[in-house]
S.K.: 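Right, I'll just put the structure down here and ask away after.
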Number of protein chains: 2
Amino acid sequence: MRAHNLALVLQTVVNSADRPSRAAIAGATGLTRATVSALVDDLIAGGLLTEQGPAPRNGAGRPATALALSPDGPAGLGLEINVDYLAACVVDLTGAVRYHFMDRSPTLAGLGELAARARAAAAEDGLALAGAALAVPGLVAPGGLVRVAPNLGWQDVDPIAYLRRTPALADLPITVDNEANLAALGELRAGDGEPTFVYVSGEVGIGAGIVIDGDLYRGGRGWSGEIGHVTVYPDGRPCRCGANGCLEQYAGAAMVAEDPALAAASLGIALSAVVNLLDLDVIVLGGGYAPLFAELSPGIEAEMRRRVLTAGLAPVTLRPASLGADAAVRGAADAVIRGVQDDPATWLALQAV
Amino acid sequence: MRAHNLALVLQTVVNSADRPSRAAIAGATGLTRATVSALVDDLIAGGLLTEQGPAPRNGAGRPATALALSPDGPAGLGLEINVDYLAACVVDLTGAVRYHFMDRSPTLAGLGELAARARAAAAEDGLALAGAALAVPGLVAPGGLVRVAPNLGWQDVDPIAYLRRTPALADLPITVDNEANLAALGELRAGDGEPTFVYVSGEVGIGAGIVIDGDLYRGGRGWSGEIGHVTVYPDGRPCRCGANGCLEQYAGAAMVAEDPALAAASLGIALSAVVNLLDLDVIVLGGGYAPLFAELSPGIEAEMRRRVLTAGLAPVTLRPASLGADAAVRGAADAVIRGVQDDPATWLALQAV
DNA sequence: CCAAATAATTCAACCACTAAACAAATCCGA
DNA sequence: TCGGATTTGTTTAGTGGTTGAATTATTTGG
């Protein structure tokens, strides 16, 4: 129960636009001021929250002491390995990007080195890392094993085991996730505050991350969002996956450049299927699609108006992503931070030891 | 916390194959035997659980007293209105169907009458109803308003308000849900125990219910699962929804009879999209598809082997539904029962008054 | 018939939240 | 300038619910 309420209080601070007081938190959560005080004391002692100077009141009464996430609290290490680059970034508890490194030699060895450098930089700032998350363009099994990553030429690679061999990372909890999934999480924090949407990332392949009520939907085995292989023309072009008429053949990077109208129509067909099946009312176009949004969106929307059954009852919003190419690394680091924010009790317990 | 633990204990009884003892529940939940005893006492006093005679032991020690859901506990009333029939059924807390009524005059007035008859029959057995759920073949808004039900000719109909006018139902909590959604819930209880699957119901229209980890996925506005309007042939036949090439035009009741091979291939294409997007590994064919399973499944599976990206990594299971035409009513009644099982504390509180 | 084993209950202790009183810090009006 | 009004935050006593240990109940096996 205490664990639950610690999370509740911390989440309230995270989700509130301004810097709430203890009394404001009590009002928002339904807990009493006394309980909130006790919980906040624990969170401050654990370095997750900080008190800020008394805010000026506009009325009678003792001025409130504002509370905010501590920039010195646990940070998240985001990592990404992709076709032509490596990236690492450190995001602190407030969501601010503290460090961002890139490298053009996408090898596992380089990734370990980059991660170690990021950790050292964080340590110099006095930042402790709560963990690391790695974004990979491929299918990731529970436990972090990468089953297939065609564009990396990977098959059954275990990047966690590899990273653990770097002494600087040996003690760090590491998770691995699909690139589009993590990019969707990055967009969740950076975006409009919409808690439910699908993020479509158009790169060499096309992936999607499905966010429902602020949580990533991963599917039964973690392989959701493979929109690139949704069939748009059953007898169409052969795809490298063995099927015919996959979206990837009509809205992949090559086709977007060659025939934007076809790419848009194809995306519209596939996204209509997403909306009909999942009833999502926000679609975010990211990756390579974001800079081409103005060119693509009319064609996509035209198809969706026709093909989404509920289009007449409620509108579907299409918008470009607010993060650029670093969405996945940012999202990876955010995923670590979210882990702490969703369960501060275990972090506090670790600190106490 | 007590509410949570009451639910935890009750769920343990629901989910266990045999009839567990207090000690077995303690072991399964992590609570102490003392706590479980106290909680079980409350559940027995509230009529949700019953003690059964001591089970014979196969070893030393005092024999355990088996616990089971009480058949005299709160029951659920399932209702269904469809194109050519009405149905009502009463399911008790153990999941047993106690009464089942049907009527061939599908009007709201007839539904109220049928529901009243079912309630009277239940009362004669000493069964109290915890609530009612109504299955409707259409789009249901939160609050129970039916926005559109094309095959009933409904538009913005409020069946709850109507049913409440029947004196026998005035005090009953009533919910309304999509027919395919509730049929999926019925299948959840009746089926293999798979917690995650998609249920496809092929009638005049085609709907799907998506069950994830034992819970229905409803989408942002409750309009998920509209697989009937997923595009399979972008330039294909015009559909009554205004689009072209919807699955409904290729795998609806008429087409299944006329050209089963085309229906199967079309279903395979649409279901591949479902699996690619949602990563579900079980697909249940219900409604009109169930009796034709043997004829349809090879064609569906052939398409899915080609079009599901992860088909090579993990198999997708296709199976016929275990319930027939009464899946939706059963599921509706089950939904009510699930409400009690998921939150026994409020039921106990109601009883205490 | 007694020891071992397992089930269920009882009871004191403890943890976390609540409610209410209290102290602190400000504004406002006389 | 001072005292009441007002709001924040803390303190203290009290309560509900869980835990852990001891106790009782009921069987099997030697």
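Side chains included, hydrogens not; waters and symmetry mates left out as well; all remaining heavy atoms used. We name chains A, B, ... by the order of the sequence lines, and we start the count at 1 in each one.
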S.K.: Would you mind telling me which of D:dT27, D:dT8, D:dA22 lies closest to the side-chain atoms of A:R33?
M.R.: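 Given the options D:dT27, D:dT8, D:dA22, the side chain of A:R33 is closest to D:dT8.
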S.K.: What residues, two or more places apart in sequence or in another chain, satisfy salt bridge (charged side-chain N to carboxylate O under 4.0 Å, His left out) together with A:D342?
M.R.: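 Expected list: none.
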S.K.: Listed in order of residue number, which residues of residues 34-51 of chain A have a non-hydrogen atom at under 4.0 Å from DNA chain C?
M.R.: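 Result for residues 34-51 of chain A: A:A34, A:T35, sorted by number.
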S.K.: In whole angstroms, how far is the P atom of D:dT19 from the CE atom of A:M1?
M.R.: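 A:M1 atom CE is separated from D:dT19 atom P by 12 Å.
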S.K.: OP1 or OP2 of D:dT8 sitting under 4.0 Å from any side-chain N/O of A:T65?
M.R.: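 Negative; the distance criterion is not met.
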S.K.: Starting at atom CZ of B:R22, determine the distance to atom C1' of D:dT26, rounded to an integer number of angstrom.
M.R.: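 My rounded result for the distance is 15 Å.
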S.K.: For A:D125, what residues pass the salt bridge (charged side-chain N to carboxylate O under 4.0 Å, His left out) criterion, not counting sequence neighbours?
M.R.: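 Residues passing salt bridge (charged side-chain N to carboxylate O under 4.0 Å, His left out) with A:D125: A:R98.
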S.K.: Taking OP1 and OP2 of D:dG9, is either one under 4.0 Å from a side-chain nitrogen or oxygen of A:S21?
M.R.: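 For D:dG9, OP1 or OP2 has a side-chain N or O of A:S21 closer than 4.0 Å.
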S.K.: I want to check something: taking the side chain as every heavy atom from C-beta on, are B:T196 and B:V282 in contact at a cut-off of under 4.5 Å?
M.R.: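 When only atoms from C-beta onward are counted, B:V282 and B:T196 do not touch, as no gap falls below 4.5 Å.
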S.K.: Ignoring hydrogens and angles, are the base of D:dT8 and the side chain of A:R62 linked by a donor-acceptor pair under 3.5 Å?
M.R.: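 Indeed there is one.
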S.K.: For B:R19 and C:dA7, give me the distance from atom CZ to atom P, rounded to whole Å.
M.R.: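 Result: 18 Å.
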S.K.: Indicate yes or no for a side-chain donor-acceptor contact from B:R164 to the backbone of B:L172 under 3.5 Å, with no hydrogens or angles considered.
M.R.: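 Yes.
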S.K.: Any side-chain N or O of A:N5 less than 4.0 Å from the OP1 or OP2 oxygen of C:dC17?
M.R.: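 So the side-chain polar atoms of A:N5 do come within 4.0 Å of the phosphate oxygens OP1 or OP2 of C:dC17, strictly under.
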S.K.: Heavy atoms from C-beta onward define the side chain here; which of C:dA19, C:dT9, D:dT19 lies closest to that of A:T32?
M.R.: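 The nucleotide sitting nearest to the side chain is C:dA19.
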S.K.: Does B:R19 CZ have over 12 foreign heavy atoms under 6.0 Å away?
M.R.: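 Open: at most 12 neighbouring heavy atoms sit under 6.0 Å from CZ of B:R19.
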S.K.: If you look at every strand shown and take non-hydrogen atoms under 4.0 Å, does B:R2 touch a base, only sugar-phosphate, or nothing?
M.R.: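 Answer is sugar-phosphate: B:R2 comes under 4.0 Å of backbone atoms only.
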S.K.: Taking CG from B:L8 and P from D:dT18, how many angstroms apart are they, rounded to a whole number?
M.R.: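 Rounded to whole Å, this separation is 11 Å.
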